[in-house]
Number of protein chains: 2
Amino acid sequence: MATQPDTRTEARTPLSRERVLQAAIGLADEGGVDAISMRKVGQELGVEAMSLYNHVANKEDLLTGMVDAIVEEIPPFTPGLDWKTALRGRALAARDVFKRHEWAPRVIETRTDMTPPMLAYMDSVVGIFIQGGFSMDLTHHAMHVLGSRAFGFTQELFKETDEFDENDEMAMLLMQQMLEPYPNILAMAMSADHEHERMLGPGCDDDLEFVFGLDLILDGLERLRDRETEGADAAG
Amino acid sequence: MATQPDTRTEARTPLSRERVLQAAIGLADEGGVDAISMRKVGQELGVEAMSLYNHVANKEDLLTGMVDAIVEEIPPFTPGLDWKTALRGRALAARDVFKRHEWAPRVIETRTDMTPPMLAYMDSVVGIFIQGGFSMDLTHHAMHVLGSRAFGFTQELFKETDEFDENDEMAMLLMQQMLEPYPNILAMAMSADHEHERMLGPGCDDDLEFVFGLDLILDGLERLRDRETEGADAAG
DNA sequence: ACCTGAACACCGTTCAAGT
DNA sequence: ACCTGAACACCGTTCAAGT
């Protein structure tokens, strides 16, 4: 309304890559990955979409910048622990961060190039294996088996598959009927340990499954490492 | 051009859900997931985009139908084998199918609901564990650790991260320089077993890494199963 | 140097209208 | 019953023009 420049309006602070990234992250945290478009991010900042191109090459660059910012939230590696607890700590610290940004895993999987923050994090994980007496070859395999687990997440298939309430008899019956052609899944679903978890729905404890899998893999790797050094002892 | 209906033109066959799905799959096989839009699928069929809505509820439904069709390509389960080779066979058969449709994993991960073909496949895998003497609880955990591996794929982080040619000295030097701040990754990359694989690039054998991880997990699960029954023997 | 209006080439989807 | 034209509300991105 005022023809004079208003020096004390809220939207005073100038744009910057940092501000663009943070606005986009905020949007994604609230509304998921679909909530982020150049136009909406611009709007969030009180600016036209085209202005963003002064601080970000394009949408891909924006997305990459967003995940970089997330990865940099992971606390730095503190050495001195044995390899297994170090690795567990690393994965769980990363997991903690990704939990605050549920859109991030999906976006990471669409990145094609490694970025410095990603490389830095990976380097710390690789270092733990090497320090722990793993051969280069086994370390390499280890990174592959861990996959995204090294970053503290696993992409669940059919995350929200069914949110049935185990106290709702009607819903239980409906589920039983739906699963009738799949007797093995049905058996598994019905016998779920009601103290700790269930097969389907929000009662299935993601954290528990994560560490179960992580520990299974770490134990397996440890066994391979020991067998490897045994072999070397025998041969050398 | 002709005002008379031309009964012998190529595009004679009427639309059907099946035809729409197959056209979309063909497009995706060639150009990836971005190549599929309602308009392009329509064009592929010599039809306007809006016509598709007579056979498909919307784009989500189209995508779901596409992955269902893929999953149905997986050969049926043949019983009679021991659990471990049965499971390995299942995963590798599925993997074979998904390799012909590289877009499918990414699309599967965006599905929210289980579909009958998915449930049927999963049921066969769950059945293998149960048949193999795993408790329901351990079977449940097993399905979680396996994750997408049960379907024969793992979403690689940064798939096309770097296609360096190990015979190109210039490229090697550039890579070394780029990885200089990440000594552990560099060490791993340089020491890669040149006979079978490398850390980065197309030389890294996906199949080999897949079965390495699969076997590691299956061995770990077997150990847990045996420990579980031991405990039961001791307690009972 | 940074922001914008107008424009372009795309999307998914709806609906009334055609055959 | 099935297909379509026109339209709507969105996209990412460019570029010349404004300050």
Side-chain angles (χ1 to χ4, degrees), chain A residues 1-7 9-25 27-28 30-67 103 106-107 110-112, chain B residues 1-7 9-25 27-28 30-67 103 106-107 110-112:
Chain A
M1 304 293 174
T3 58
Q4 304 270 345
D6 189 343
T7 43
T9 147
E10 324 80 316
R12 239 344 329 139
T13 42
L15 238 43
S16 70
R17 186 169 226 265
E18 191 54 29
R19 284 195 63 213
V20 171
L21 259 33
Q22 288 308 320
I25 290 172
L27 272 179
E30 281 172 37
V33 72
D34 292 336
I36 126 133
S37 79
M38 298 302 273
R39 281 165 160 95
K40 284 182 200 148
V41 174
Q43 191 178 313
E44 187 77 4
L45 292 161
V47 131
E48 300 302 314
M50 316 83 182
S51 306
L52 304 179
Y53 288 88
N54 284 307
H55 304 94
V56 132
N58 47 34
K59 194 180 181 184
E60 285 298 291
D61 183 37
L62 171 64
L63 291 172
T64 302
M66 288 167 71
V67 322
W103 50 272
R106 185 148 304 163
V107 173
T110 63
R111 299 308 86 200
T112 52
Chain B
M1 306 294 174
T3 58
Q4 304 270 344
D6 190 344
T7 43
T9 148
E10 325 80 317
R12 239 346 327 137
T13 41
L15 238 43
S16 70
R17 185 168 227 267
E18 191 54 30
R19 284 196 61 215
V20 171
L21 259 33
Q22 288 308 321
I25 289 172
L27 272 179
E30 281 173 38
V33 71
D34 291 336
I36 126 133
S37 78
M38 298 302 274
R39 281 166 161 95
K40 285 183 201 149
V41 174
Q43 191 179 312
E44 187 78 4
L45 291 161
V47 130
E48 300 302 314
M50 316 82 180
S51 306
L52 304 179
Y53 287 89
N54 284 308
H55 306 95
V56 130
N58 47 34
K59 195 180 179 182
E60 285 298 291
D61 184 36
L62 172 64
L63 291 172
T64 302
M66 289 167 72
V67 321
W103 50 272
R106 185 147 305 163
V107 174
T110 63
R111 301 305 87 200
T112 52

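Within every chain, numbering begins at 1; the chains are lettered A, B, ... in the order of the sequence lines, protein sequences first and strands thereafter.
Which of C/dC3, D/dT13, C/dC11 sits closest to the side chain of B/Lys40 comes down to C/dC11. When distances run from any side-chain atom of A/Leu15 to the nucleotides C/dC3, C/dC15, D/dT14, the shortest one goes to C/dC3. Nearest nucleotide to the side chain of A/Tyr53, out of D/dT4, D/dT14, D/dC3: D/dT14. Of the candidate nucleotides C/dG5, D/dC3, D/dG5, D/dC3 has the atom lying nearest to any side-chain atom of B/Asn54. The nucleotide whose nearest atom lies closest to any side-chain atom of A/Arg39 is, among D/dT13, D/dA6, C/dG12, D/dT13.
Taking atom CG on B/Asp34 and atom P on C/dG12, their separation rounds to 11 Å, with Å as the unit. Spacing between atom CG of B/Asp61 and atom P of C/dG12 amounts to 14 Å, rounded to whole angstrom units. Whole-Å rounding puts the A/Asn58 CG to D/dT14 P distance at 8 Å. The separation between B/Leu45 atom CG and D/dC2 atom C1' is 14 Å, rounded to whole Å. Per the geometry, CD belonging to A/Glu48 stands 17 Å off P belonging to D/dT13, to the nearest Å. With rounding to whole Å, A/Leu52 atom CG is found 12 Å from C/dC2 atom C1'. Protein atom CG of A/Leu62 is 14 Å distant from nucleotide atom C1' of D/dC11, rounded to whole Å. Distance, A/Met50 CE to D/dA17 P: 17 Å, rounded to whole Å.
For the pair A/Leu52 and A/Gly42, the tightest heavy-atom approach, listed with the atom from each and the gap, is CD1-N, 3.8 Å.
For D/dC2, the OP1/OP2 oxygens have no side-chain nitrogen or oxygen of B/Ser51 closer than 4.0 Å. Distances shown here put a side-chain N or O of B/Ser37 below 4.0 Å from the OP1 or OP2 atom of C/dC11. Phosphate contact (OP1/OP2 of D/dC11, side-chain N/O of A/Lys59, threshold under 4.0 Å): absent. At the phosphate of C/dC3, OP1 or OP2 sits under 4.0 Å from a side-chain N or O atom of A/His55.
Remark: the backbone N or O of B/Val56 is not paired with any side-chain donor or acceptor of B/Arg17 at under 3.5 angstrom. When atom types are taken as modelled, the side chain of A/Arg106 and the backbone of A/Val33 share no donor-acceptor pair closer than 3.5 angstrom. At distances below 3.5 Å, not a single donor-acceptor pair connects side-chain atoms of A/Lys40 with backbone N or O atoms of A/Leu27.
Within the nucleic acid shown, B/Met38 comes within 4.0 Å of sugar-phosphate atoms alone, with no base atom in reach, counting heavy atoms only.
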| field | Derivation of the salt bridge (charged side-chain N to carboxylate O under 4.0 Å, His left out) call for B/Arg111 and B/Glu60 | value | CA-CA 8 Å; B/Arg111 301 305 87 200; B/Glu60 285 298 291; 3.4 Å; yes

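Look at C/dC8: its Watson-Crick or wobble partner, with both distances under 3.5 angstrom, is D/dG12. Across all strands shown, C/dT19 pairs with D/dA1; the Watson-Crick or G-U wobble distances both stay below 3.5 Å.
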